[in-house]
Amino acid sequence: MDILNTLSLNSNRQIKINFTGGNLSSDSGMLLIHEFAQKLGLENILKQDFSTNDNKVRKHTDSKNAMQKIYQLIAGYFQDDDSDELISDPIFTTILDKKSLASQPTMSGFTNRCDEICLYQFDLIAQKLRQKVYSLKKPKHLLIDIDSSLFPTYGSQEGNSYNTHYSDYGYHPLLAYDGLTGDLLRAKLRPGSSYTSKDATSFLEPLLDEFQQDYPDIPLFLRGDSGFADVLIYEKLESNGTSYVIRMKESGRLRKAASVIEDELFEKTKHNQVDYAVSYGEFLYKADSWLYPRRIVCKIEKPVNQMTFLYTFIVTNMEGSPEDLIRFYCKRGQMENFIRESKYGFNMDSMSSHSMIVNANKLQISMLAYNLFNWFRRLVLPKSFQKLQVDTIRLKLLKIAAKQVHSARYITFKLCSYCPYKDEFYETMKNIFGLKQLE
């Protein structure tokens, strides 16, 4: 018995330690996540729309395995091995309605069964969840920030190749976030050697079509760096009614077209070549592959104590002054924070399988976990918590000790009496209860 293994501290013999505290968990804040997920109907959507190509009757169904993985990611348990450590955890077994969790071999087998059909299923699930979230709080605008990143690989994994931009081996996924809310709108895994804009038009098309069909009253905007300076992307956005600002790579032709703006900056710096100076302007420009000219807004600046000029060229179909449009473009830097939280907060870049399709499905599960948490943060957390990163919210609101107590009719979780964020816990639960009932 554990009581026989009671230890006394050498520093204070009156302090004793043993493992007879009862049925405890350190993750009682996951009850909030579960209540919110149930409000959105996530478990029912997975049950209806998600299954692997598996004819066996299993104790742990695909939808339950997906929910377990999502909950583990939100709680910060990233490895399949963590399933074994949590197998009898009272919080996780309660919110998943199981006597015991799926083990590591079961969870690994589940992800290895995911195929290309599962990727289409995840797209449908993301679309359905977006409908539910927008029925609670519909955005006034959608700002699509598109970018790529590097997901490291190890060894001879399928699709692993060298990316010259990042000077490393890995995958080179496409990512599209809502620049206003941080929602991850779409994610697609690609081989590491893929050029930035490769498949970007087909990647954006389902998202643009969805919003044009389901939310025609929401204005669409898109920002992208020079890797997405592709005429096919411009044409798709223009045909879909999407406003865009996309940076263009500096070239001799563009500098020549901006010569008037450059002359203006020369005049400004003629008598002072030490201080910072900048000039803005615009012109129409037609590249060889374009059917017609497009508007280019330009920023030319002279850094402090430098004699050279720096050029920024943005192609756009938007109205507004060149200064305002370039400032609008530069705010896309927030996307780096979204990518960083997706990677380090939800293990999105963990590509551990040899199969690229399996890794692509793991990316989609991480995307679901990231979005569920992001909606939770935005819709029900107290305002003082809404700008906190996931690691901070885990520490303050999810990692709360609790003891499970059974009675004839109820299961009661007795949370830590000295939790400093008790009020925020109650406020969050109240906000979840206050959400309207979703169909």
Side-chain angles (χ1 to χ4, degrees), residues 123 142-151 159 161-166 170-179 184-212 219-258 282-299 311-320 322 325-326 328-336 338-339 360:
D123 274 344
L142 182 74
L143 175 54
I144 303 169
D145 279 335
I146 185 171
D147 207 345
S148 61
S149 185
L150 183 77
F151 288 1
S161 51
Y162 187 76
N163 185 280
T164 55
H165 176 75
Y166 292 99
Y171 293 121
H172 191 203
L174 280 171
L175 305 168
Y177 288 84
D178 182 345
L184 181 49
L185 302 169
R186 289 209 85 202
K188 179 180 180 179
L189 202 63
R190 301 179 302 175
S193 59
S194 300
Y195 184 70
T196 304
S197 62
K198 180 176 172 57
D199 300 329
T201 306
S202 59
F203 170 74
L204 287 169
E205 189 169 12
L207 184 64
L208 297 175
D209 291 348
E210 175 194 339
F211 275 81
Q212 191 175 50
L220 303 183
F221 300 85
L222 180 139
R223 297 185 293 204
D225 64 21
S226 60
F228 298 96
D230 186 319
V231 65
L232 295 178
I233 296 177
Y234 308 152
E235 291 173 352
K236 178 60 185 177
L237 297 173
E238 290 161 358
S239 67
N240 199 270
T242 302
S243 302
Y244 63 85
V245 287
I246 297 176
R247 186 164 186 170
M248 298 186 69
K249 291 180 179 178
E250 182 185 337
S251 69
R253 287 183 64 183
L254 284 171
R255 288 197 303 271
K256 183 177 179 180
E282 62 179 282
F283 52 88
L284 290 177
Y285 176 79
K286 180 183 177 302
D288 293 338
S289 60
W290 299 1
L291 295 177
Y292 47 84
R294 290 181 169 85
R295 184 189 184 197
I296 307 295
V297 295
C298 174
K299 173 186 178 182
Y311 299 80
T312 301
F313 296 103
I314 305 288
V315 58
T316 182
N317 62 347
M318 294 175 61
E319 297 180 354
L325 290 175
I326 289 175
F328 172 64
Y329 167 81
C330 290
K331 288 182 179 178
R332 69 181 292 277
Q334 174 67 12
M335 186 180 181
E336 293 301 322
F338 301 149
I339 294 175

Discussion item. Under a 3.5 Å distance rule, please check whether Ser193 uses its side chain to pair with a backbone N or O of Ser161 as donor and acceptor.
Written reply: no

Worksheet entry | Leu208 side chain near Thr242 side chain, heavy-atom distance below 4.5 Å | yes

Discussion item. Measuring from atom OG1 of Thr312 to atom CG of Leu254, what distance do you get when rounded to the nearest 0.5 angstrom?
Written reply: 11.5 Å

Worksheet, complete the sentence: With Tyr234 as partner, the option from Tyr292, Trp290, Phe228 fulfilling ring pair (Phe, Tyr, Trp, His ring centres under 6.0 Å) is Trp290

Worksheet entry | Enclosure of Lys286 NZ (heavy-atom neighbours >12, cutoff 6.0 Å) | yes

Discussion item. Side chain to side chain contact (heavy atoms under 4.5 Å, CB included) for Leu150 and Asn163? Distances and angles first, verdict last.
Written reply: CA-CA 8 Å; Leu150 183 77; Asn163 185 280; 4.3 Å; yes

Fill in: Residue pair Leu174 / Lys198, side-chain heavy-atom distance below 4.5 Å
no

Discussion item. The test is side chain to side chain contact (heavy atoms under 4.5 Å, CB included); show your working for Asp199 and Ser194 and say whether it passes.
Written reply: CA-CA 9 Å; Asp199 300 329; Ser194 300; 5.9 Å; no

Worksheet, complete the sentence: Tightest non-hydrogen contact, residues Ser149 and Leu175, listed as CB-CD1, 4.1 Å

Practice prompt. Begin with the C-alpha distance, continue with both residues' side-chain angles, and end with the deciding distance and a verdict on side chain to side chain contact (heavy atoms under 4.5 Å, CB included) for Val245 and Val297.
Written response: CA-CA 9 Å; Val245 287; Val297 295; over 6 Å; no

Practice prompt. Please determine if Lys188 and Asp123 form a salt bridge, counting it only when a charged side-chain N lies under 4.0 Å from a carboxylate O.
Written response: no

Discussion item. Contact between Tyr177 and Ile339 at the side-chain level, heavy atoms closer than 4.5 Å - yes or no?
Written reply: yes

Item to complete: Measure across Tyr171 and Leu189 and return the closest heavy-atom pair with its distance rounded to 0.1 Å.
Response: CB-CD1, 3.7 Å

Item to complete: Applying side chain to side chain contact (heavy atoms under 4.5 Å, CB included), run through Leu325 and Met318 and close with a yes or a no.
Response: CA-CA 8 Å; Leu325 290 175; Met318 294 175 61; 4.0 Å; yes

Worksheet item: Do Ser148 and His172 meet the criterion of a side-chain donor-acceptor pair at a distance under 3.5 Å?
Response: yes

Item to complete: Could you list all the side chain to side chain donor-acceptor pair (under 3.5 Å) pairs where at least one residue sits in residues 219-232, not counting sequence neighbours?
Response: Asp145-Arg223

Worksheet item: If only atom types and distance count, is the side chain of Asp178 paired as donor or acceptor with the main-chain N or O of Leu142 below 3.5 Å?
Response: no

Worksheet entry | Geometric class of the Tyr285/Phe283 ring pair [parallel <30°, tilted 30-60°, perpendicular >60°] | perpendicular

Fill in: Check: Ile296 and Met248 side chains under 4.5 Å, non-hydrogen atoms
yes

Discussion item. Counting C-beta onward and ignoring hydrogens, is there a side-chain heavy-atom pair between Leu204 and Leu222 closer than 4.5 Å?
Written reply: yes

Discussion item. Is any side-chain heavy atom of Lys236 closer than 4.5 Å to one of Ile233?
Written reply: no

Fill in: Interatomic distance, Ile314 atom CD1 to Glu282 atom CD [nearest 0.5 angstrom]
13.0 Å

Discussion item. Using every non-hydrogen atom in the two residues, find where Ile146 and Ala200 come nearest and quote the distance to one decimal.
Written reply: CD1-CB, 4.5 Å

Discussion item. Would you compute the distance between atom CZ of Arg247 and atom CZ of Phe313 and round it to the nearest 0.5 angstrom?
Written reply: 9.5 Å

Worksheet item: How close do Ala176 and Ile144 get, heavy atom to heavy atom, and via which atoms?
Response: CB-CG2, 4.0 Å

Fill in: Pro206: partners by side chain to side chain contact (heavy atoms under 4.5 Å, CB included), with sequence neighbours left out
Arg186

Worksheet entry | Heavy-atom side-chain contact between Tyr244 and Asn317 under 4.5 Å | yes

Worksheet item: Can you find a heavy atom in the side chain of Asp209 that is under 4.5 Å from one in the side chain of Asn240?
Response: yes

Worksheet entry | Side-chain donor/acceptor of Arg255 to backbone N/O of Glu250, under 3.5 Å | no

Worksheet entry | Considering all heavy atoms, the nearest Pro293-Leu284 contact | CB-CB, 4.3 Å

Worksheet item: In Å, rounded to the nearest 0.5 Å, how long is the span from CD of Gln212 to OG of Ser239?
Response: 7.5 Å

